[in-house]
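Each remark here refers to the structure printed beneath this line.
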There are 2 protein chains.
Amino acid sequence: MMLVTSGAVAFGKQRLRHEILLSQSVRQALHSGQNQLKEMAIPVLEARACAAAGQSGLMALYEAMFTQYSICAAQILVTNLDFHDEQKRRNLNGTLHELLRMNIVPIVNTNDAVVPPAEPNSDLQGVISVKDNDSLAARLAVEMKTDLLIVLSDVEGLFDSPPGSDDAKLIDIFYPGDQQSVTFGTKSRVGMGGMEAKVKAALWALQGGTSVVIANGTHPKVSGHVITDIVEGKKVGTFFSEVKPAGPTVEQQGEMARSGGRMLATLEPEQRAEIIYHLADLLTDQRDEILLANKKDMEEAEGRLAAPLLKRLSLSTSKLNSLAIGLRQIAASSQDSVGRVLRRTRIAKNLELEQVTVPIGVLLVIFESRPDCLPQVAALAIASGNGLLLKGGKEATHSNRILHLLAQEALSIHGVKEAIQLVNTREEVEDLCRLDKMIDLIIPRGSSQLVRDIQKAAKGIPVMGHSEGICHMYVDSEASVDKITRLVRDSKCEYPAACNALETLLIHRDLLRTPLFDQIIDMLRVEQVKIHAGPKFASYLTFSPSEVKSLRTEYGDLELCIEVVDSVQEAIDHIHKYGSSHTDVIVTENEETAEFFLQHVDSACVFWNASTRFSDGYRFGLGAEVGISTSRIHARGPVGLEGLLTTKWLLRGQDHVVSDFSEHGSLKYLHENLPVPQRNTN
Amino acid sequence: MMLVTSGAVAFGKQRLRHEILLSQSVRQALHSGQNQLKEMAIPVLEARACAAAGQSGLMALYEAMFTQYSICAAQILVTNLDFHDEQKRRNLNGTLHELLRMNIVPIVNTNDAVVPPAEPNSDLQGVISVKDNDSLAARLAVEMKTDLLIVLSDVEGLFDSPPGSDDAKLIDIFYPGDQQSVTFGTKSRVGMGGMEAKVKAALWALQGGTSVVIANGTHPKVSGHVITDIVEGKKVGTFFSEVKPAGPTVEQQGEMARSGGRMLATLEPEQRAEIIYHLADLLTDQRDEILLANKKDMEEAEGRLAAPLLKRLSLSTSKLNSLAIGLRQIAASSQDSVGRVLRRTRIAKNLELEQVTVPIGVLLVIFESRPDCLPQVAALAIASGNGLLLKGGKEATHSNRILHLLAQEALSIHGVKEAIQLVNTREEVEDLCRLDKMIDLIIPRGSSQLVRDIQKAAKGIPVMGHSEGICHMYVDSEASVDKITRLVRDSKCEYPAACNALETLLIHRDLLRTPLFDQIIDMLRVEQVKIHAGPKFASYLTFSPSEVKSLRTEYGDLELCIEVVDSVQEAIDHIHKYGSSHTDVIVTENEETAEFFLQHVDSACVFWNASTRFSDGYRFGLGAEVGISTSRIHARGPVGLEGLLTTKWLLRGQDHVVSDFSEHGSLKYLHENLPVPQRNTN
C-alpha cells in the first residue's frame, strides 16, 4: 500500500494565514475586534510556500493516524526529474520497495517547494507529467507495478456526459476504446486536475499494466469504507479495464428488458400464451441438453454444497416434466391478465375513463440455487407482459444459461427475445438492488435471509416477499378434540421448512392438564418435534421444556413454541406482538369466537379450523404463485399473476377541458359507472 | 467545547508491546521469523504504564487533527483530588475558562499514571468519582456549567431492556423518575464503564444542571456527523432531561394510532360515516374558534412567509364550508370501503376462502402549511379505518391543534379518540420517516420537493405520492385545428402550479409553419406563457426562444417547453425518456394513431383529446382524493379511498389439512369461484 496525498498546500495555507495575522503589528492587533480574524483580508499566498509550511503538518497527521494502528509511515517527496533521470528513478524504486518490504506505508507527494507551480490546463501533448497527484500516482503505480490504482475524488466517478445534464450516467467499467463516448464537464472542486486529467492518468496507468478505479472518497456509497469496498470488488466508481467482457452491461440489459417488455405487453394475450407453451415444449424436447448442463453444475458443486442444497440444484426428467405442466397452467391463466378493464366511468358526454391492467415494467428476480425457478419466473413475466432481469445463484451457472437460452428461443417466435435477460456481469445482488431507475419491482425467491438482505439493500425499489413466516395456531377452550392434533400435525410437521408452517401454538389455559393437551404433546413426541416453552407455559409446569429465547422465532424445523393464553383477546395480542402477519389460525367450535378472531387478527391470512399450510397461491386457486407477501401495500398474502400487474387510466375525449366544468361552466360531471366485461370465472 | 477522551491506555498498550519486542535480545530477534511479531506472547502490561506511554501519542493525534482546522488544543490531566480540594478545583476551573476564552479546546483525561487503577464494579454508594471518563465528563460538565454533555459510546443509547431481547426499545428521552423501567445488559465493549455507569454519570450531571445525550459515536445514524446531529436537535441516542413534556412520545402516539385504528376498523361502516359527518358539523359549528386559532398563526407568519404561502395558511368561513361539504362526500363514499368482499372461492367442501378489504394500518401524513389538509386527511383515514399520525407545518401550529381536537372529539362519539394523533414532539420529519415498525405508509401532501425529500428519508416504509408531474401533450399531424388551442390552454394555463399541468408540448414536424402552429404560439403569447425551445425545435427556427436546459423540467409556472417530433413513435420515445409517467395526452383525429398512443405510452394516465388537468381523483369520480401516485405498485394515478386499503384472506374450514389433498389423499381442490356481493355503483 502506497499513498499519494494532496493537502499540503491547503494545510499550509491555513497555517500561513494564521502566522501572517500573528506577525502583524501590535497596533493592528489592539484595534481588531474579536471576530476580526475571520474578516481580515488575507494576502494571496504563494502555493510553494504553503506547500512547504503544510507538508510537516500533513505528515504529522498521517503519522498520528497510522500510529493508532501500529503502522509506520514514511515521507517521500518527488519531482518530475526523479522519474526522468534513470539513476534517480532506480533510487526511488529501491527506496519504495525497501519500505514496502518492512510493512511501512510510503506517503508520496510532489516536492512542491522546488517545482514550478502547477499549470493544470497546459499539457505536453498527452505526455504524462508529475504536475498533479493523479499523474504522480499513475506514474508511481506503473513504476512500482502495483495491482491497483485507486483515485479518490469528490465525484462518483466518470460520467458519460457532464454530471447534472439530462442523461448523465456513471460509467461502471471504462474501456480505452470507448473514450470518444465521454464528454467532460467542469473541474472537480477539490485539488488540481479535473476528471479529464484523472481519466488521462488512469488510461496511462492502464497502458502501463495497472488497473484503475476512480471513486468518490468523500461520500462512500456502500459500506462507508470506499477502499475496502473497491478491494472487495463492489460496484463503486468507475473501473478502468483493458478487457471488455463479451456480454452487454447490466444497464444495457436493463434497457433491453424494458423495451422488450414493452413489446411483450403489446402482443395479443394468445401470443404470450403461445410463447409460454413453446417454452414448456422446449423444456421436454431439449431435456438431454438441460440435464447435461445441470450435471456440470452438480459435479462442480459436489463436496462444496450441503446435501439439501445439492438436491435443490439438481434437475431430473420428472422435475422438467412437472415444470412443463406448471408452465402450461400459467399459459392458460395468462389469457386474462394484461389489458383487463377493471373500471369504466362516463365522466361526461363523449368523455369515457377506463382503468386497465398493465405490466409493472421491469422485474428483477433473484433466486438461489434452484434452476427450476428460471423457467417458472420467465413464464410468469411473459404471462404478465413484464420485462425481466434474472440473477441466479453462481452454483447453477450452466443450468441457468441453457434455461435462459430456451426462454429467449421461445420469446423469439414473436420477436421479443430481449424481454428476459440473465445477468452475468460482475454486479453483486446488492449492486443490482440500487438500480432504481431500471427496475420497478424486486422479487427475491429463496430463504427468508435472502429476502431480508434484499429488503435492506433495495434503495427506492419495492421488494415483494415475506421475510418471515411466524405462524400461530390458537387452540380455544371450545376447540374440538378430534380436530386439534390433525391440524397441529399438518401445520407443523407436513413440511416444517415452509414459511407457512406453524411456529407457535397458543393454548387456552383451561386446556392445560386435560386429556386433549396430553394428546397434543404425545403427537408432537411421536413426530419428534422439539418443544420450547413460552414463559407463561413454563411457569405452569413443574418440569418444563427449555424456555424460549424469543417468542418471535421462525424455527423452520421440527421445533415448536408452546405458550398459554387466558382468552382469545390475549391470543390476538400475542399474535400482534410477536407474529409476522403471515398466517394465523384459530381452532374452535364457537363461531362467534372464530369470527372475532378472523376480524381482529391483522395478518395477511387468518384461518378458522384449517391448517396454516393452506396459505399458498396454488391452494388458494390463484394459479401460478409469484410468492407470499407480508407487505401491507400492493399484494398481500399468496400472490398470483395479479401481483405482477399495475393499472393505467385511459381517458378518451373529444376536446374536453376542465374549465368547461367549473362552477359557471357549460358542463357537469356525470360520473356514471359503465359495465365492465365480467372476469373469466374458470 | 471541551473534550474528555479515552484511548490513552489502548494507545499506550500498542506502543509498549512494540517496545518490549524491540528491547528483546538480538538472539531472539535473529531467530524470529517474519510473522513472529504478531504471534509472540506479550507480557501483561500495567495500565498506568500504558496510559503514560499512550498519552503523548494520543495528544499528538488530536493536535494534528485540530491543526487541520486551525484550532488549538490544550492538554489537561486531572485526578479525583483536583475536584475535592477546593483550591485545586478553583485552579482547574480558572485554567479551563482561560483556555475556552482563547478558543482553545481543552482535552481532558485522568492522570492515570498517578491514580490507582480503576475498579469499575466497586462504587462509593452512588457518589460519583473520577474513575472513568463518563464520571469525569459529568463532573467537569457540572463544574463548568456546560450547556450539554455528549457521551459517545458504541451503542445507540439507552434501551429499556438489554439490547437484543424481544422488546428492547431505544429510549428517546429519559427522565430521572423513569429510572426503574430500565434493566441493564452487559457492559459496552470499549472502555470502562458500561451503560449503567454512563446513566449514573448522566443523571448526576443532569442533577447538576447539564443536559446529557448518550449516543453512538462509531456508527452515526443520521448525517454521519453525530455531534452536529445532536447539536441540531436531531433524534439521536438518548436525551436526558429534567422536564417531562406534557404529551406522549411519538412511539406512544404510534401505539395509540395502531390500537385506535384497529378499533376504528372494527366499527360498522355507518359508525365511521357518523364520525365524519360529526366532524363536518364541528367544522362549521366551531368556526369562530378555528378562525381565531388560524388568525394567531397568520399573525405570527406575517412578514415571515411569502404571499402564496400565507394564502395557503389562511382559513375562512367559505373554506370551512367547502371543507365540510367535502367531508360529507367522504362520509357518503366510506360506506363501501372496509370489509368489502373482493373474491370468494370454494376450495373444497366446507372450505371457503374470502378476500376482504382491510385498512393498511397506520398512516403518516406529512403536510405543509395548509391546515385544511388536516380534517380532509382525518376523514380519509376514518373512512378507511386506518390509524393516523399527522405531522403538520410549524407555521400552522394553532390551527392544527384545534382541528385535531375537533377530529378527536368526533372520534370519541364511538370511543376511538386515539386513532388520530398529531405529532408535536421534537422529531423532525426525517426522524418520523425512519419509524418503520410503527408506520405502514407515508403520504406526503405538498410540494414535489417535499415528496422527494420524504422518499429519500423513508427507510423501509412505502411512500405514496408523485414526486414530479412532467406531463406531455403530443399534437399529431392529423390533429383538429379547433381543439388544439383549447386543449393546450386548459392544460397549461388553467392552474400551472398543479402537478397535472402541461410542461412539454410535442408537435409533429408537419405542423411547423402552418397557421395552426401560429395559432398555438399566439395563444401562448396572449396567455403570457414563456416558451422554451427543445434542441430540435430550436434548430428549425431562425430566431428561436431560449433553448431548454433540460427536457426533464417541471416548470409549475407559465412556462412551456416545445419540441418537434417526426412521428407518434418519436413522441412516445420522448415521453418515455423525459417524462415522469404522470399524465400524457395525444391530440389527433386519427383513432388508430390515438389507440397506438394509448396502448404504448407507459404512464399512469394516458388521454386522447382531453386536457391533462382531468388527472384528478375528484374528476375521475373516485370521490375523495388521497393523492396522485406515480409509483408502479399498489395505487397508480389518481388515488381514491381504495389506495388506503389492503386486503386480507379469510379461510373458514372444519378440520381441513393439506395432506388430505396430496397425490394419494382423499380430497381434491375444487377452486370454484363463488359470487361476490356487487359493488355499490353510486
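Computed from a predicted structure; not experimentally measured. Throughout, a chain's letter reflects where its sequence line sits, starting with A, and its residues are numbered from 1.
Salt-bridge annotation for E595(A) and R652(B): present, with a side-chain N of the basic residue lying under 4.0 Å from a carboxylate O of the acidic one. Using a 4.0 Å cut-off between charged side-chain N and carboxylate O, R343(A) and E642(B) make a salt bridge.
Side-chain atoms of R619(A) and H671(B) form no donor-acceptor pair, as typed in the model, at a separation below 3.5 Å. Defined by atom type and a distance below 3.5 Å, a donor-acceptor pair is present between the side-chain atoms of R262(A) and H576(B).
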CA sep, side-chain torsions, deciding dist, call: H656(A), N609(B), side chain to side chain contact (heavy atoms under 4.5 Å, CB included): CA-CA 7 Å; H656(A) 290 85; N609(B) 289 351; over 6 Å; no
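Take R632(A) and apply the salt bridge (charged side-chain N to carboxylate O under 4.0 Å, His left out) test, not counting sequence neighbours, and it matches D602(A), D440(B). Evaluation of the side-chain contact (heavy atoms from CB on, under 4.5 Å) rule for R486(A) yields D655(B), V657(B), D660(B) as partners, not counting sequence neighbours.
Heavy atoms of P359(B) lying under 4.5 Å from chain A belong exclusively to its backbone. In this structure, chain A has a heavy atom under 4.5 Å from the side chain of V358(B), while its backbone stays farther away. When heavy atoms are compared at a cutoff of 4.5 Å, V463(B) does not approach chain A at all. Proximity to chain A (any heavy atom under 4.5 Å) is shown, for S659(B), by both the backbone and the side chain. When heavy atoms are compared at a cutoff of 4.5 Å, L351(A) approaches chain B solely by way of its side chain, counted from C-beta outward. Contacts of K577(B) with chain A are made by side-chain atoms alone, with heavy-atom separations under 4.5 Å and no backbone atom involved. Contact annotation for L622(B): only side-chain heavy atoms (C-beta onward) come within less than 4.5 Å of a heavy atom of chain A.
Distance alone, capped at 3.5 Å, places no donor-acceptor pair between the W608(B) side chain and the Q654(A) backbone. Remark: side-chain polar atoms of K648(A) are paired, donor with acceptor, to backbone N or O of Q599(B) under 3.5 angstrom.
Listed options T266(A), T345(A), L58(A) were ranked by heavy-atom pairs under 4.5 angstrom with chain B; first place goes to T266(A). Contacts with chain B were tallied for Y62(A), Y495(A), F661(A); F661(A) has the most, counting heavy-atom pairs under 4.5 Å. Your options are M464(A), M263(A), E494(A), and the one with the most heavy-atom pairs under 4.5 Å with chain B is E494(A). Ranked by non-hydrogen atom pairs under 4.5 Å with chain A, the options T553(B), V587(B), L650(B) are led by L650(B). In terms of heavy-atom pairs under 4.5 Å with chain A, the best-connected choice from L441(B), D616(B), I484(B), L551(B) is L551(B). Per-residue heavy-atom pair counts under 4.5 Å with chain A were compared for G361(B), S480(B), S603(B), C605(B), and the maximum is reached by C605(B).
Side-chain contact check for H634(A) versus T646(B): every heavy-atom pair is 4.5 Å or farther apart. Side-chain contact check for F620(A) versus I347(B): some heavy-atom pair is nearer than 4.5 Å.
With rounding to the nearest 0.5 angstrom, the CD1 atom of I628(B) is 11.0 Å from the CH2 atom of W649(A). Between atom CG of residue L353(A) and atom CZ of residue F607(B) there is a gap of 7.0 Å, rounded to the nearest 0.5 Å.
The minimum heavy-atom distance linking A64(B) with A64(A) is given by the pair CB-CB, 4.5 Å. Here the shortest heavy-atom pairing between L651(B) and A610(A) reads CD2-CB, 4.0 Å.
When I461(A), I633(A), L644(A), L645(A) are each tested for a side-chain contact (heavy atoms from CB on, under 4.5 Å) with I633(B), only one passes: I633(A).
For Y618(A), the OH atom counts as loosely surrounded, since its 6.0 Å shell holds 12 or fewer non-hydrogen atoms of other residues, nucleotides or ligands. Within a 6.0 Å sphere centred on CD of E591(B), other residues, nucleotides and ligands contribute 12 heavy atoms or fewer.
Classification of the F614(B)-Y669(A) ring pair by plane angle, with boundaries at 30° and 60°, yields perpendicular.
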